Amino acid sequence: MLGPVVIVGGGIGAISAATGIRLSDPAIEIIIVSEEDELPYDRTQLSKEFLLSGETPSFRLNLDQVTNLRWIGATRVEKLNTELKSVELSNGQAISYSTLVLATGATPRMLPNLTDIAVPVTALRTLRDASFIRKQLQPSTSLVIIGAGVIGLELASSARALGTDVTIIETLPHVMSRCAPPTLSSFVAAYHLRQGVTIHLGCQIEQAKDTILMLNNGLNITADLVVVGVGVEANDSIAKAAGIACDDGIFVDGYGRTTCPSVFAVGDVTRQLNASTGHFARIETWSNAQNQALALGRNLANGSFELYSEVPWYWSDQYDLQIQVAGASNGAIEIVRGSLDEPNFSIFQIHGNRIVGVSCVNRPRDFAISKRLIANHAVVERENIGNPAFDLRTYI
Ligand SMILES: Cc1cc2nc3c(=O)[nH]c(=O)nc-3n(C[C@H](O)[C@H](O)[C@H](O)COP(=O)(O)OP(=O)(O)OC[C@H]3O[C@@H](n4cnc5c(N)ncnc54)[C@H](O)[C@@H]3O)c2cc1C
């Protein structure tokens, strides 16, 4: 390989691509350019441990095993020149690459009708956001979270642990509606209500003034801090400007290849071809960014073609609930195994005689086995799946 591999971005996608290369080849020169003025950190802890305790020992991502690496922080890649094979940096310099990996992640969507409110409004994506939120969260604070997705709910859980008063406003009729089956969604909503969170579903903010949010259902809510968690948009603008095919995400195949030779992409910024569905989709999870990038790194270093086709999955920690979800989360028959009261249960999404999705609460063993059953398209009997005494490993 002539010239360095240049990786744009400083999150888990970037670090994992570098790790994948280095574990296979000690010599390839790697340069990482990241716009954040922080060494890489674990973004998933920002809504969990970090809010509760400040920095934890495992918070920093491990760059030590990536030797022969040049790290350029606090610097943005402004432009790609795919003909010259170089990138232009915000400090005016240009760097040539043999291979370019885009791991630029995503940026939270903000809402336009919050400009007149007199209290702080923020998203939760970066260490800076989380540090700001952490300082504001006191028992006397009225926190309003807009959006009942995973990040909003994790923030609610951490804020309740700190004694903060929490209200959630969600446009859709359910919490976690994009990423959880109906039974899990109802269970999680009820759990938050029991922990003292106020949830307004099926409504939105019409106007915001001083410290008041006026909803379209006639309710007025007072806030000291507003956190917006209504999804993210892919940071694909530099790729789009270079003529690479994008549509809220850089299109990549199962090998991380974009439509431009020598340019690859991984993580939240990608719209990737799913080997099992045949559709392109954005997958905004830690495991996806990590494993897609590790596979790419190995392929780049070895000149190999290892197809990345992991069943998409994520985890979420809320109160004492360890939630793990894999595969499809709706559109199939649901079978529950275990007890929703304990809480210790798994919800299986069954299509025909196959498991297409699983959501586990405090049942990591079910989750590990079921993920394999989904990946292997194992044929199962419905009556066995719902029986907690039945050993799921029988189907492996
Ligand atoms: C608060 C929070 C909690 C989460 N919890 C979970 C969880 O529990 N489980 C789970 O599976 N997932 C979780 N996620 C999602 C997970 O963190 C992301 O899927 C993952 O971080 C994506 O990694 P990435 O490297 O693709 O992108 P990112 O982590 O977004 O990193 C991209 C980096 O690129 C930088 N960048 C962008 N453009 C440029 C440019 N032009 N030049 C230089 N640098 C640039 C960005 O500033 C950023 O540092 C959570 C996310 C958040 C925000």
Side-chain angles (χ1 to χ4, degrees), residues 1-46 50 55-82 84-107 125-131 234-239 242 250 256 258 262-270 286 288-301:
M1 205 176 271
L2 289 175
V5 175
V6 173
I7 304 175
V8 187
I12 184 66
I15 303 312
S16 301
T19 306
I21 294 170
R22 187 54 76 238
L23 291 179
S24 304
D25 189 319
I28 294 173
E29 189 189 352
I30 303 170
I31 301 175
I32 297 185
V33 186
S34 171
E35 69 182 355
E36 286 193 70
D37 56 1
E38 286 289 339
L39 283 172
Y41 55 87
D42 180 348
R43 207 174 287 290
T44 67
Q45 293 193 29
L46 296 182
F50 179 83
E55 203 152 319
T56 65
S58 61
F59 188 67
R60 295 284 162 183
L61 299 181
N62 191 356
L63 266 181
D64 299 346
Q65 62 179 315
V66 195
T67 48
N68 189 15
L69 165 77
R70 195 169 139 216
W71 171 266
I72 306 177
T75 306
R76 200 180 142 72
V77 168
E78 300 285 5
K79 198 173 168 198
L80 317 182
N81 189 328
T82 53
L84 290 178
K85 294 182 91 173
S86 73
V87 293
E88 288 177 21
L89 309 186
S90 50
N91 62 14
Q93 291 177 354
I95 306 179
S96 299
Y97 61 80
S98 61
T99 301
L100 183 67
V101 178
L102 300 172
T104 46
T107 300
R125 181 77 192 181
T126 62
L127 181 52
R128 192 175 291 196
D129 297 334
S131 305
N235 291 329
D236 61 4
S237 58
I238 51 172
I250 304 171
T258 70
S262 307
V263 181
F264 299 79
V266 290
D268 279 14
V269 74
T270 60
W286 180 264
N288 171 67
Q290 184 175 48
N291 296 331
Q292 187 191 25
L294 281 170
L296 172 64
R298 287 190 292 265
N299 282 342
L300 292 178

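Computation of the quantities below employed the complete heavy-atom set of this structure, encompassing side-chain atoms and omitting hydrogens, waters and symmetry-equivalent molecules. Predicted, not measured: the structure shown is a model, and the values here were computed from it.
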Less than 4.5 Å apart, any side-chain heavy atom of [X] and any of [Y]?
X    : Y    : value
D236 : T104 : no
L39  : W71  : yes
I7   : I31  : no
I32  : L69  : yes
I95  : Q93  : no

Results of salt bridge (charged side-chain N to carboxylate O under 4.0 Å, His left out) for R22 - residues two or more places apart only: none
Flag, side chain of [X] to backbone of [Y], donor-acceptor distance under 3.5 Å:
X    : Y    : answer
Q45  : F50  : no
S16  : A293 : no
T270 : I250 : no
K85  : Y97  : no
N68  : A27  : yes

Pair L80-L102, side chain to side chain contact (heavy atoms under 4.5 Å, CB included): steps then yes or no: CA-CA 10 Å; L80 317 182; L102 300 172; 4.1 Å; yes
Minimum heavy-atom separation for [X] to [Y], with atom names?
X    : Y   : result
G9   : S34 : C-CB, 4.1 Å
W286 : T44 : CE3-CG2, 3.5 Å
S237 : R76 : OG-NH2, 4.4 Å
V266 : G13 : CG2-O, 4.0 Å

Nearest 0.5 Å, what's the [atom1]-[atom2] distance between [X] and [Y]?
X    : Y    : atom1 : atom2 : answer
R60  : I15  : CZ    : CD1   : 11.5 Å
E36  : L127 : CD    : CG    : 7.5 Å
N291 : I12  : CG    : CD1   : 9.0 Å
D25  : I30  : CG    : CD1   : 8.5 Å
I238 : L100 : CD1   : CG    : 7.5 Å
E78  : E35  : CD    : CD    : 9.0 Å

N235 and T107: side chain donor to acceptor below 3.5 Å: yes
Verdict with reasoning, V101 to L300, per side chain to side chain contact (heavy atoms under 4.5 Å, CB included): CA-CA 10 Å; V101 178; L300 292 178; 3.9 Å; yes
Lys/Arg-Asp/Glu bridge criterion (N-O < 4.0 Å) met for R43, D268: no
Side chain to side chain contact (heavy atoms under 4.5 Å, CB included) between F264 and N299, intermediate numbers included: CA-CA 11 Å; F264 299 79; N299 282 342; over 6 Å; no
